[in-house]
Amino acid sequence: DAGVIQSPRHEVTEMGQEVTLRCKPISGHNSLFWYRQTMMRGLELLIYFNNNVPIDDSGMPEDRFSAKMPNASFSTLKIQPSEPRDSAVYFCASSFPSGLQETQYFGPGTRLLVL
Amino acid sequence: DQQVKQNSPSLSVQEGRISILNCDYTNSMFDYFLWYKKYPAEGPTFLISISSIKDKNEDGRFTVFLNKSAKHLSLHIVPSQPGDSAVYFCAATFQGAQKLVFGQGTRLTINP
């Protein structure tokens with residue numbers, strides 16, 4: 001069974017360039033989460049979707065960040081323009097309703113370096 | 001404002017001994033807590049959780065303790081094994097909620 005798939009696994013870009021991160025959730029999961037991991041702040045939730053609809057984007061740092069989920073099997077996180085402080089590991093996770101508390105399944109992450 | 005804090009960035013333990021990882025939280029409304037484990041180049045994976053109605057939850061070598069009055073939880077691993085070397089993230093949420101608040105993580109190294 002394929003887990004959460006993220007691409008690319010590594011991205012190096014120059015400041016000012018547009019960056020697009022991609023995620024395919026586990027089939028049958030109806031919730032999708034985007035996280036950012038940094039040394040200082042650990043794992044931060046950026047945005048999450050239920051049934052392709054954005055529910056909470058309060059963690060999105062600023063207008064340079066945007067996320068979409070056009071269908072149940074695909075989501076993108078876009079940074080435009082990118083800045084060096086955006087360098088981090090970005091994780092996508094998915095889950096499905098299962099009683100009181102859902103378990104989130106994480107992808108392997110995209111390591112982004114903005115020069 | 002960091003609502004969930006893991007104050008030890010790293011911890012080194014000898015194989016066979018007990019590993020204790022600590023986590024503090026500031027929001028007294030949190031009522032469900034989780035630990036995730038992360039290996040290099042992989043995403044975090046769920047390890048164990050505890051509801052605020054309990055003060056202890058055990059699963060094999062892993063036990064999580066919750067002290068609500070101190071707003072503190074800990075993960076005990078005994079005995080520690082080399083395969084336990086990883087980064088451990090503590091997370092807190094509200095029962096039934098989807099939004100998890102994570103700490104910064106603690107890197108655990110088990111020495112042979």
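Below, all heavy atoms of this structure are taken into account, side chains as well, without hydrogens, waters or symmetry copies. Throughout, protein chains are lettered first and strands after them, A, B, ... in sequence-line order, and every chain is numbered starting at 1.
Both the backbone and the side chain of A:Gln104 come within less than 4.5 Å of a heavy atom of chain B. For A:Tyr105, no part lies under 4.5 angstrom from a heavy atom of chain B. Only the side chain of A:Ser58 has a heavy atom closer than 4.5 Å to any heavy atom of chain B. If you measure heavy-atom distances from A:Leu43 to chain B, the contacts under 4.5 Å come from both the backbone and the side chain.
For B:Gln104 against A:Met39, the heavy-atom pair with the smallest separation is CB-O, 4.3 Å. When all heavy atoms are compared, the tightest approach of B:Leu100 to A:Leu45 is O-CB, 4.4 Å.
Heavy atoms of other residues, nucleotides or ligands lying less than 6.0 angstrom from NZ of B:Lys54 number 12 at most. More than 12 heavy atoms of other residues, nucleotides or ligands lie within 6.0 Å of CZ in A:Arg64, so this atom counts as buried by the packing criterion. Within 6.0 Å of the CZ atom in B:Arg61, the count of heavy atoms belonging to other residues, nucleotides or ligands exceeds 12. Within a 6.0 Å radius of CD in A:Glu14, no more than 12 heavy atoms belonging to other residues, nucleotides or ligands are found. In the displayed structure, A:Asp63 atom CG is contacted under 6.0 Å by at most 12 heavy atoms of other residues, nucleotides or ligands.
The hydrophobic cluster containing B:Phe89 also contains B:Phe46, counting ILVMFWY residues as joined when their side-chain heavy atoms lie under 4.5 angstrom apart, directly or transitively. B:Phe94 and B:Leu73 fall within the same hydrophobic cluster, defined by Ile, Leu, Val, Met, Phe, Trp and Tyr side-chain heavy atoms under 4.5 Å apart, directly or through other members. By the rule that hydrophobic residues join a cluster once side-chain heavy atoms approach within less than 4.5 Å of another member, B:Leu11 and B:Val64 end up as members of one cluster.
With chain A as partner, the option from B:Ser51, B:Pro44, B:Gly43, B:Gly105 having the largest number of non-hydrogen pairs under 4.5 angstrom is B:Pro44.
Between the side chains of A:Asp56 and B:Gln98, no donor-acceptor pair of N or O atoms lies under 3.5 Å.
The side-chain heavy atoms of A:Tyr35 and B:Phe102, taken from C-beta on, include a pair separated by under 4.5 Å.
Of all residues in residues 27-37 of chain B, those placing a non-hydrogen atom less than 4.5 angstrom from a non-hydrogen atom of chain A are B:Tyr32, B:Tyr36.
B:Glu42 places no side-chain N or O within 3.5 Å of a backbone atom of A:Gly107 that could act as its donor or acceptor partner. Here the side chain of A:Arg9 pairs a donor or acceptor atom with the backbone of B:Ala41 at under 3.5 angstrom.
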